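These notes concern the structure reproduced below.
Both ligands and their constituent atoms are indexed starting at 1 by order of listing. Keep in mind the model is a prediction, meaning the values are calculated, not measured.
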Amino acid sequence: MTVLKGVILVGGPSVGTQFRPLSMGVPKPLFPVAGSPMIYHHVNALAKIPGMKEILLVGFFEKEVFDRFLADVQSEFSTVSIRYLREYQSLGTGGGLYHFRDEILRGNPDKFFVLNADIACSFPLESILAFDSQKKAAATIFGFKVDRKLVTKFGNVVLNPETAEVLHFVEKPETVLSDTISCGIYLFNKDIFGVMAEAISSLRAKLLKMDAASDSRPSLLTSNQAERIRLEHDVLSLLAANKQLYCYVGSPVKDFWMQLKTGSSTIPANRLYLQHFKVNAPRRLSHVPTPVAVSPLTPTTPSTSSGIVQPVFIHPSANVHPSARIGPNVSVGPRAVIGRGVRVKDAIILDNVEINHDSCVLNAIVGWDSRVGSWSRIEGAPGESLQLNATYKGMKVPSACILGNNVSVADEVAIRNCIVLPHKELKTSFHNEVLM
Ligand SMILES: *[C@@H]1O[C@H](CO)[C@@H](O)[C@H](O)[C@H]1NC(C)=O
Ligand SMILES: *[C@@H]1O[C@H](CO)[C@@H](O)[C@H](O)[C@H]1NC(C)=O
Ligand SMILES: *[C@@H]1O[C@H](CO)[C@@H](O)[C@H](O)[C@H]1NC(C)=O
């Protein structure tokens with residue numbers, strides 16, 4: 001059996017700025033999507049592959065940030081070691097991997113996966129592995145076909161249609177080269193570190209030349225500049241030139257992929273994961289959505305509520321009134337309280353949120369500890385445009401409605417297409433605004 005490792009590139013605190021205000025409540029990689037932290041889905045997909053020995057999170061967040069997450073996933077996936085390796089400065093996506101090459105190669109894995117944290121995907125990792133084992137190359141990347149209008153925002157992959165060999169790899173090209181993009185999922189063997197060393201020395205040579213040509217001090221070569229290589233830009237293009245790169249293209253029917261760049265992109269991602277778990281085997285029994293109604297509002301009502309439209313994820317500690325109508329495509333976090341007659345659709349309701357009777361939440365994210373009064377409406381751009389524009393095509397998502405943590409919305413107001421920063425108290429209606 002192939003001995004495997006997995007690396008998840010989690011980045012650092014400076015990365016999530018487009019993710020505000022949600023990254024103010026929790027580090028972006030831990031933001032809950034479909035009831036689990038964003039990178040839980042990565043860990044889950046990696047841990048299930050036979051032969052997986054170790055999963056390494058690589059990034060430059062404080063160590064404590066991942067302590068609780070690591071304890072949770074370690075107890076769930078007990079046969080795989082799961083650890084966090086902290087970079088003390090950002091070394092770029094390639095530089096970080098190179099820096100930890102000894103850790104990655106310890107135990108002599110045959111191959112290792114590298115996954116970017118900020119994606120939502122069906123993660124067909126075993127198919128990628130099977131494909132890769134037929135090729136004798138240093139690397140296979142996961143590609144996905146997107147609308148030609150979007151191709152230039154991503155790494156563009158030009159393939160030999162017969163062999164799936166990557167002929168060119170160009171990061172964010174000026175003109176469209178093909179409709180296939182690189183999705184931030186890579187499978188490497190240990191030869192990749194030789195290629196990275198090559199990329200580092202050519203970068204060093206370039207910096208030396210720049211140093212010689214300018215009087216600027218200190219030298220560009222100090223402070224590990226040359227080790228700050230980017231995986232796509234510096235390494236993959238070199239691999240393609242060396243005929244060492246293949247691309248497994250995802251199925252438009254069975255797979256999904258999207259980038260989680262902005263806060264609002266978590267709404268279609270939540271929807272895609274919930275739909276995926278509905279069709280495919282659920283992750284584990286405790287995650288099978290079972291509505292619980294032990295609400296203090298209705299102490300005598302049994303827990304079988306007919307108001308649930310699948311797929312939804314409702315945390316067992318949430319209280320949902322039986323007359324509330326929840327779903328489809330909704331996640332409700334721990335200790336949330338959803339009152340009588342409330343309607344929630346295409347939304348993420350975070351921990352300890354309270355939504356009072358007869359309110360409505362559509363295409364929205366309601367942040368931790370927020371409170372929505374009664375007869376109010378929190379509404380973002382309609383699900384359909386989100387879906388067409390973002391779901392299958394990795395596209396920019398139109399504005400949803402996002403409430404940060406500890407936001408309070410009064411009774412009988414409407415908040416439409418707004419981004420609301422934490423701790424705000426909204427007493428009147430607003431639309432199309434960022435409320436600071
Ligand atoms: C829920 O999400 C799934 C997956 O994207 C989609 O197929 C379905 O149409 C959505 N349902 C509604 C009512 O939006
Ligand atoms: C998708 O986005 C475009 C522009 O960004 C917009 O014109 C369109 O209405 C959106 N929705 C659909 C369903 O295409
Ligand atoms: C929540 O916001 C209110 C203002 O609406 C503020 O007074 C309160 O201190 C905040 N609570 C926390 C825990 O930050």
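- The pair Lys48-Glu126 does not meet the salt-bridge criterion, since no charged nitrogen lies less than 4.0 angstrom from a carboxylate oxygen.
- When heavy-atom distances to ligand 3 are checked against 4.0 Å, the residues falling inside are Asn406, His423, Glu425, ordered by chain and number.
- Under the rule for a ring-ring contact (aromatic ring centres under 6.0 Å, His included), Phe69 has no partner lying at least two apart in sequence or in another chain.
- In this structure, Asp67 pairs ionically with Lys63, as a charged nitrogen and a carboxylate oxygen lie closer than 4.0 Å.
- Every residue two or more places apart in sequence or in another chain that forms a salt bridge (charged side-chain N to carboxylate O under 4.0 Å, His left out) with Asp358 is listed here: Arg340.
- The ring-ring contact (aromatic ring centres under 6.0 Å, His included) test applied to Phe430 returns no partner, not counting sequence neighbours.
- Considering Ile365, Ile349, Val407, Ile415 as possible partners of Ile378, the one that fulfils the side-chain contact (heavy atoms from CB on, under 4.5 Å) test is Ile415.
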